[in-house]
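This report concerns only the one structure given below.
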Amino acid sequence: MAEKTQIAKSVANKFSKETYLYWYELMQLIRQFELTAEEKYKMEGKIRGFFHAYVGQEAIAAGCITATRPEDLFITGYRDHGLAIAKGVSVNSCMAELYGKATGNAKGKGGSMHFFGKDVNFYGGHGIVGAQIGVGAGLAFAEQYRSSDNVVLCFFGDGAARQGILHETFNLAMLWKLPVVFICENNNYAMGTSVERTSVVIDIYKLADGYEMPADTVDGMSAEAVHESVTRAVKRAREKGGPTLLEMKTYRYKGHSISDPAKYRSKEELEEYKEKDPIHQILLTILSSGFATDPEIKTINERVAGIVAESVKFAEESPWPDDSEVLKDIYMDKDYPFIVD
Amino acid sequence: MARSIQFREALREAMSEEMRRDESVFLMGEEVAQYNGAYKVSQGMLAEFGPRRIIDTPITELGFAGVGVGAAQNGLRPIVEFMTWNFAALALDQILNTASKMLAMSGGQISCPIVFRGPNGSAGQLGAQHSTAFESLYANIPGIKVVSPSNGYDAKGLLKQSIRYEEDPVIFMESEVMYGDKSEVPEEEYYIPLGKADIKKQGRDVTIVSFNKMMKVALGAAEELEKDGISSEVIDLRTIRPLDWMTVLESVKKTNRLVIVEEQWPFASVSSELSYRIQKEGFDYLDAPIRRITAADAPLHYAPNLVTAALPDVPGTVNLVKEVMYLEK
């Protein structure tokens, strides 16, 4: 049954210095990657297509990584840059994918919405709202079938909560006790439509009640809260207790996509959330706990800037995919007789 | 040693043999386990393989198709049964947008070895929503393969091939009205590669191409035509995507005439694609326009005479052949 869990903000003593510094660096890396990529898109036209930034939602990626093992699988929707980087898809290959280069993590065939890293158990980057919920349950089905104790973290937005696949999958996942954690990154807007305008059920975690699935609502701006809730849900899944729905209350600072000026929400609303900025909160804890000094933070920031700058250089210097790639990776067959005229 | 067994038994043997061979193969769908299959294709499989591998689902096509796709992407080899392909329309997003595209979108990282199977097309007076033939619709999609056998022997070999060797999603189309058909199936194990048409009857005057249960119409017409001294070569496509047009072309080089019989709706159908290919590759060999007989360009109605009137039949096919031979106006 769904239960609202309040998690105290001040949990610094529960996590180590290393964890905080890891969170800070990862979240900064995601944010600087997004800001730089957006600049390359808007100012230089180096990146095209739909582009959905993760800025503001970094604490979710950070908390999920520390609450899971590398063998656990992640799958998400099209706002996928942050989770891909967190899971370990190389930053160079992420920037190159945005540029559409052959060295991208999907060889320049996916773009912003379709990052993949099977070697690090990142199953993408899906563009049909909610479709990855069913696929994520299927990934978990395979883990259960093989009797592994790996868990799938299946991410989606508040918009996907209104799709039929969510309900069909919740039902099956509970029926079969699949080892999956459903994570709704509720940034309050399905493109331009606020949660309140999409349903009378505005607490998305309550949707789990219809399937008797355990659920929590979580402060998605707090890496600590995310880590703690995901740790509990992952433990349940590993111990064959079945799925959990976690509704992470978060906020995207940017529009839905790069072409969205987000006129449907107020400046005050945005500023209110920016005060809760997940990176800033972590930084305050680090400094007040003496985990790092200002110069040490500066060193981290410079390292992050270097990684991002290197990824831009890598992407710009990488070749385009060869034209012959049009008919490659369509079938596993190497000699499939394509119709060419 | 060949035995005469039903089409449904041939399918069951194909699945059971592959499941005995490979632990990663499982069957999932509505009524496949405890009910022993809506059409008894999976009869006895729950008893042999148990509920871990023969899995009943709720009526939730999109949901279990998604689970199947995810399981295939994560190392298993699922067989997903749809009670009819008409219901699979609810799962089309998972087939079209995920199963068929993920290998490409991931730059070759994520493959999806899955077989979606079930009965397809009309089966008497079932009304419009249970009567559509979907081969041409799925054959339009790059990234998947479409198989549509006409007899138990082919069905077994093609299904075993699809489960064991195909690393891409396979759409496997059967027919309610063929499940009871008997055919000679050897005891020995065999596989039939996808993408190979089969010449069912040699002939010299006209080539008749068909697939699935419409093969009965094609062969019936050939028999009738034989009485009039017309020798038809009859080809069973067996696989729709990839399409073995070269076997058809070789036949047309000999007969110089082509008639296609199919249950698809006519717009952008299998016959449309085959006609384009043969006129392009075999223009100089044709002595008459390529003709076809398809399902009516309409949903299938209920009344028995309307069903008959809307579907290809032997007399219509005979007349069409005579037209391309300029024997009848």
Side-chain angles (χ1 to χ4, degrees), chain A residues 73 75 97 102 104-111 113-119 123-128 130-143 145-146 152 154 163-165 167-173 175-176 178 321 325 327-333 336-339 341, chain B residues 23-24 26 28 52-53 55 57-76 78 90-91 93-94 96-114 142-145 166-168 194-195 241-246 273 276-277 280:
Chain A
L73 295 76
I75 184 169
E97 190 57 37
N105 59 62
K107 298 189 195 168
K109 296 182 174 185
M113 297 188 288
H114 309 304
F115 282 9
F116 287 85
K118 194 176 183 186
D119 57 332
Y123 278 75
H126 293 251
I128 306 298
Q132 77 279 11
I133 301 172
V135 180
L139 297 174
F141 179 95
E143 296 301 330
Y145 191 91
R146 281 192 289 265
V152 175
C154 180
Q163 288 276 35
I165 184 97
H167 296 271
E168 296 193 24
T169 305
F170 278 13
N171 185 51
L172 291 174
L175 184 66
W176 296 334
L178 298 179
E325 287 290 322
L327 292 181
K328 288 181 184 159
D329 303 321
I330 314 302
Y331 290 92
M332 293 291 282
D333 288 2
Y336 183 85
F338 290 99
I339 295 173
D341 69 342
Chain B
E23 175 78 13
S24 69
F26 67 93
M28 171 184 282
R52 174 172 164 264
R53 298 180 71 194
I55 303 160
T57 67
I59 300 170
T60 186
E61 283 84 6
L62 179 61
F64 68 74
V67 170
V69 168
Q73 292 185 353
N74 192 13
L76 302 186
L90 286 157
D93 176 59
Q94 285 293 332
L96 167 62
N97 279 316
T98 305
S100 79
K101 293 177 180 166
M102 216 46 60
L103 186 68
M105 280 163 50
S106 66
Q109 295 179 61
I110 312 258
S111 64
C112 189
I114 186 169
I144 63 179
K145 298 185 178 180
E166 294 298 327
E167 299 298 328
D168 298 299
L194 271 53
R241 184 185 182 97
L243 185 66
D244 181 8
W245 55 269
M246 278 181 276
E273 178 59 28
Y276 168 80
R277 185 59 45 195
K280 176 177 176 289

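Only a predicted model underlies this, so the values are computations on that prediction, with no experimental measurement involved. Letters go in sequence order (proteins before strands), and every chain restarts at 1. Scope of the values below: all heavy atoms of this structure, side chains included, with no hydrogens, waters or symmetry mates.
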Structural part of [X] lying under 4.5 Å from a heavy atom of chain B:
X: A/E97; value: neither
X: A/H126; value: side chain
X: A/L73; value: side chain
X: A/I128; value: side chain
X: A/L175; value: side chain
X: A/D341; value: both
X: A/Y336; value: side chain
X: A/L172; value: side chain

Heavy-atom pairs under 4.5 Å with chain A are the metric here; pick the option from [options] that has the most.
options: B/A104, B/G108, B/S106; answer: B/S106
options: B/Y276, B/F64, B/F26; answer: B/F26
options: B/P58, B/P142, B/A71; answer: B/A71
options: B/T57, B/V69, B/N97; answer: B/N97

**Message:** Within a 6.0 Å radius of atom CG on A/L327, are there more than 12 heavy atoms belonging to other residues, nucleotides or ligands?
**Reply:** yes

**Request:** Run the numbers on A/I339 and B/E273 for side-chain contact (heavy atoms from CB on, under 4.5 Å), then give the verdict.
**Result:** CA-CA 10 Å; A/I339 295 173; B/E273 178 59 28; 3.4 Å; yes

For the residue pair [X] and [Y], what are the closest heavy atoms and their distance?
X: A/V135; Y: B/T98; value: CG2-CG2, 3.7 Å
X: A/I330; Y: B/D168; value: O-OD1, 4.3 Å
X: B/L76; Y: A/A142; value: CD1-CA, 3.5 Å
X: A/Y145; Y: B/R52; value: O-NH2, 2.8 Å

Please flag which part of [X] lies under 4.5 Å from any non-hydrogen atom of chain A: side chain, backbone, both or neither.
X: B/M28; result: side chain
X: B/K280; result: side chain
X: B/R241; result: both

**Request:** Examine distances only and state if a side-chain atom of B/Q109 and a backbone atom of A/K118 form a donor-acceptor pair shorter than 3.5 Å.
**Result:** yes

**Prompt:** Under 3.5 Å, is there a donor-acceptor pair between the side chain of B/Q94 and the main chain of A/A131?
**Reply:**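 Yes, because the side chain of B/Q94 sits within donor-acceptor range (under 3.5 Å) of the backbone of A/A131.
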
**Prompt:** Using a cut-off of under 4.5 Å for heavy-atom pairs, which of A/E143, A/H167, A/E325 has the most such pairs with chain B?
**Reply:**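 Top option by heavy-atom pairs under 4.5 Å: A/E143.
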
**Contact winner vs chain B - A/T169, A/I165, A/D119, heavy-atom pairs under 4.5 Å** = A/I165

Measure the spacing between [atom1] of [X] and [atom2] of [Y] and express it to the nearest 0.5 Å.
X: A/L139; Y: B/I110; atom1: CG; atom2: CD1; result: 8.0 Å
X: B/E166; Y: A/D333; atom1: CD; atom2: CG; result: 5.5 Å
X: B/L103; Y: A/K109; atom1: CG; atom2: NZ; result: 8.0 Å
X: A/Y331; Y: B/K145; atom1: OH; atom2: NZ; result: 7.0 Å

**Complete:** Result for side chain to side chain contact (heavy atoms under 4.5 Å, CB included) between A/E168 and one of B/L90, B/T60, B/V67 points to B/T60

**B/I55 and A/F141: CA distance, side-chain angles, deciding distance, side-chain contact (heavy atoms from CB on, under 4.5 Å) verdict** = CA-CA 12 Å; B/I55 303 160; A/F141 179 95; 3.4 Å; yes

